[in-house]
Amino acid sequence: MDPDLYGISQQQTEYWDETLNVYLRIKGRVPFGDLYTIEDNVLSCIVPASSQAAKLNRQNRIIIKKFSFSKIFGPHTTQDELFDVTVREKVLDFINGANGSLLTYGVSGAGKTYTMIGTPGDPGIIPRALNYIFRTVCINPNSRPCCKPMPNGKIEILSRSKQEVELQVRQGIFKDQSTSAELLKHERTFLSMQNTLKVTPVGVVDFFPPIFEVWVSFVEIYNENIFDLLEVNSNRGQQRTKLQIGTSHRNTYIKGVKHIFVTTGLEAYQILQFGLHNISYASTNLNMHSSRAHCIFSIKLVSGNNCEEYNVSNFNFCDLAGSERMKKTLNEGDRAKESSKINTSLSVLGRCIRSVREMQKNNSDICSAPFRDSKLTQLLQQALQGKENICMIVNMSPSPETFDENQQALIFSTIAQEVVVKEPKANPSQLQGAFRTFRQSLTNGLCENDFSGDELKEARNDIARLTLEMSEMKQNFEIILDQETSHLRKNYNIILNIKTEQLAEAQQEIERLKKSNNYLEKTRSELHWKLNKLEEQQETIVLSDSEQEDEENSSFSTRKEDKVGDIEEQHLLQVKLLEDKIKRLEAIIREKESEADDRRLHDEENRKRLDELNCTNSELRDEIRKLELTLHDAVRDYYELEEQEKSLRIAFNDLTARNCVLEDKNILLMQELDEYRNRCLLQQQELDDLKNSNTEDIIN
Ligand SMILES: Nc1ncnc2c1ncn2[C@@H]1O[C@H](COP(=O)(O)OP(=O)(O)OP(=O)(O)O)[C@@H](O)[C@H]1O
């Protein structure tokens with residue numbers, strides 16, 4: 001097996017920032033199989049050949065993807081362990097006055113609701129948090145609501161009558177719980193949970209002020225509409241009221257959402273169950289289902305010394321809708337609409353997190369994150385900008401059927417981690433560094449004549465790995481880029497179409513008003529003309545009257561004068577009315593024209609923004625092209641060096657062979673030399689012998 005590495009390297013886990021922790025929880029009671037392994041909070045996934053990721057990769061090799069987390073909770077993790085590690089501290093911070101949010105994210109059926117709510121026998125995070133809060137703060141169960149949190153972050157001091165109203169609202173919810181048996185069931189569940197939890201330590205708060213009030217709310221975002229799950233709807237089956245988002249003093253809030261005053265964990269738990277009952281009701285009668293909506297259970301805590309010195313903290317528990325793909329679930333009609341809304345809001349969530357990451361990286365204060373593109377991100381804006389305690393639990397079922405969907409969720413989690421991870425993934429400088437090391441090892445190897453091949457193999461593996469990472473990065477990047485561009489283009493076209501239609505309508509209106517203005521002008525001049533005529537007639541009548549003064553009696557002439565006066569007055573009134581109408585129409589025309597100008601200006605701005613984005617996109621594409629060129633150059637260098645290595649090897653072998661031949665020749669010459677030397681010695685001996693015999697002959 002030749003594993004390819006993907007994802008965040010192990011050492012990056014050292015760079016976790018405390019503000020955004022991302023945890024992975026693996027669903028229990030599902031065969032773990034051999035696709036996944038966990039080591040040191042890193043999840044390794046062997047991409048099966050049938051998966052979408054393997055098909056995209058089009059490489060005939062086994063791919064292993066790695067994802068690191070703040071902590072991975074295996075299939076045997078208990079609800080208690082999970083609560084302890086992920087939320088307990090954040091809830092304590094909340095009691096001490098800090099805002100917080102917890103999000104569960106993952107494919108449908110992966111265990112988000114199980115994690116958040118749990119089961120009666122095994123409560124999840126919210127019931128545990130409620131139990132923890134009320135054990136820590138000790139509120140008198142008979143206390144009355146005095147300080148109601150308001151949208152602008154302030155509180156409203158409730159009069160006696162308003163307190164009564166708040167208590168009745170709470171009572172209404174309890175009365176509405178379909179059967180008392182259900183209430184009893186929740187009570188038993190909560191009490192048995194309290195029994196099991198009473199051995200765990202309570203939190204330590206910084207102070208115990210005289211005012212401590214807890215208010216809860218529960219909403220769902222379904223098809224980008226917000227509904228109050230605590231709405232007491234006596235006539236069920238009616239259309240539910242859609243709630244709107246408002247802002248006040250930079251606080252985003254839901255207009256008209258119910259906040260219920262609670263004094264015990266049990267009351268809060270019963271209200272939570274009431275809301276959950278509303279979700280399940282919707283699934284049976286109105287073809288909705290909990291997992292098709294994002295659900296947010298919020299707890300608000302008002303604490304203070306008096307009505308002047310107080311603090312309001314808020315904690316959101318967000319159970320996000322399942323992130324499955326439409327194709328896989330073969331969704332149609334309403335289901336397809338739901339899925340597309342869910343996917344849009346989740347993709348907006350991803351884009352917001354990326355933008356925030358960019359802002360953090362650039363140390364910028366200007367945040368261009370599209371928070372307003374979905375209700376979910378609008379409501380979580382403060383938390384997503386890192387201004388509040390926020391953490392995320394990614395739920396995953398290890399079954400092979402949901403492998404591709406899980407990958408989407410895991411990739412999303414790495415994006416979320418980017419908000420705080422300070423080291424980027426493998427980048428060009430690392431790539432160049434690897435090549436430098438490789439080149440150095442190759443040169444050393446050549447100098448020392450030591451070709452063990454290990455370094456070469458390692459460097460080759462490095463290149464293959466980096467090439468793969470690079471292509472994966474490029475692929476991911478291009479997918480994101482294309483998605484964003486098409487999304488922007490789609491939005492822009494929709495806005496442009498709407499604006500063009502509005503402009504055409506406004507122009508038609510202006511034309512119509514102009515026509516009516518002309519008509520009125522004409523009528524006015526006709527009336528003026530008639531008035532003049534009447535005045536002339538009056539003069540004539542007056543003249544003839546004076547001529548006939550003697551002949552006609554005075555009462556007749558007075559009547560005539562009155563009549564003329566009346567006609568004149570009526571005409572003047574008509575003219576006045578018409579003039580007023582013309583003035584009003586002129587004002588409307590001016591207004592419409594200025595609106596049209598504003599729209600034109602707005603369109604121009606949108607066009608500029610799109611141009612800028614296109615520019616950024618093309619810059620990013622250029623960057624990719626440059627990286628590709630660098631990679632290409634590096635690969636070419638590598639092949640050149642390999643060629644050099646080969647020719648040097650050949651030259652070296654050649655020299656070695658020649659050396660061997662020369663050494664052979666040398667040995668032969670040495671042998672010849674030795675033979676020659678021996679022959680010389682023999683001749684010398686013979687010569688000496690001859691000399692000796694000659695000397696003896698001479699003496700004799
Ligand atoms: N860790 C776990 N251990 C045991 N059972 C689990 C675990 N996680 C989930 N389940 C079970 O799996 C089923 C599906 O879980 P759940 O409804 O929480 O999934 P979800 O789709 O993520 O939630 P929803 O879509 O309703 O928000 C439930 O019956 C639940 O009890």
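Read the numbers this way: they start at 1 and go in the same order the structure lists the ligands and their atoms. Keep in mind it's a predicted model, so treat the numbers as computed, not measured. Numbers here simply count residues along the sequence, with the first being 1.
Here is the list of ligand 1 atoms found below 4.0 Å of a heavy atom in Ser108: 21 (O).
Of the N or O atoms in Lys112, one or more lie within a sub-3.5 Å distance of an N or O in ligand 1. Between Leu320 and ligand 1, not a single N/O pair is under 3.5 Å apart. An N or O contact shorter than 3.5 Å links Gly109 to ligand 1 by distance. Where the criterion is an N or O separation shorter than 3.5 Å, residue side chain and backbone included, Tyr114 meets it with respect to ligand 1.
Lys148 is linked by a salt bridge (Lys or Arg N to Asp or Glu O under 4.0 Å) to Glu166, counting only residues two or more places apart in sequence or in another chain.
Stacking of Lys71 on the aromatic ring of Phe69 is not recorded, the 6.0 Å distance cut-off and the 45° axial limit not both being met. A cation-pi arrangement is found for Arg240 relative to Phe227, the charged atom lying closer than 6.0 Å to the ring centre and inside a 45° cone about the ring normal.
Checking Val262, Asn314, Val312, Val302 one by one against Trp215, the side chain to side chain contact (heavy atoms under 4.5 Å, CB included) holds for a single residue, Val302. The only option from Leu384, Val348, Ile221 that meets the side chain to side chain contact (heavy atoms under 4.5 Å, CB included) definition with Leu376 turns out to be Ile221.
Heavy atoms of Asp319 found under 4.0 angstrom from ligand 1 belong exclusively to the side chain.
Contact check on Arg88 versus Asp93 returns no salt bridge, with no Lys/Arg side-chain nitrogen under 4.0 Å from an Asp/Glu carboxylate oxygen.
Looking at Thr104, Thr78, Thr113 and measuring to atom 17 (O) of ligand 1, the nearest heavy atom belongs to Thr113.
The closest approach between Ala110 and ligand 1 falls below 4.0 Å for a heavy atom of the residue.
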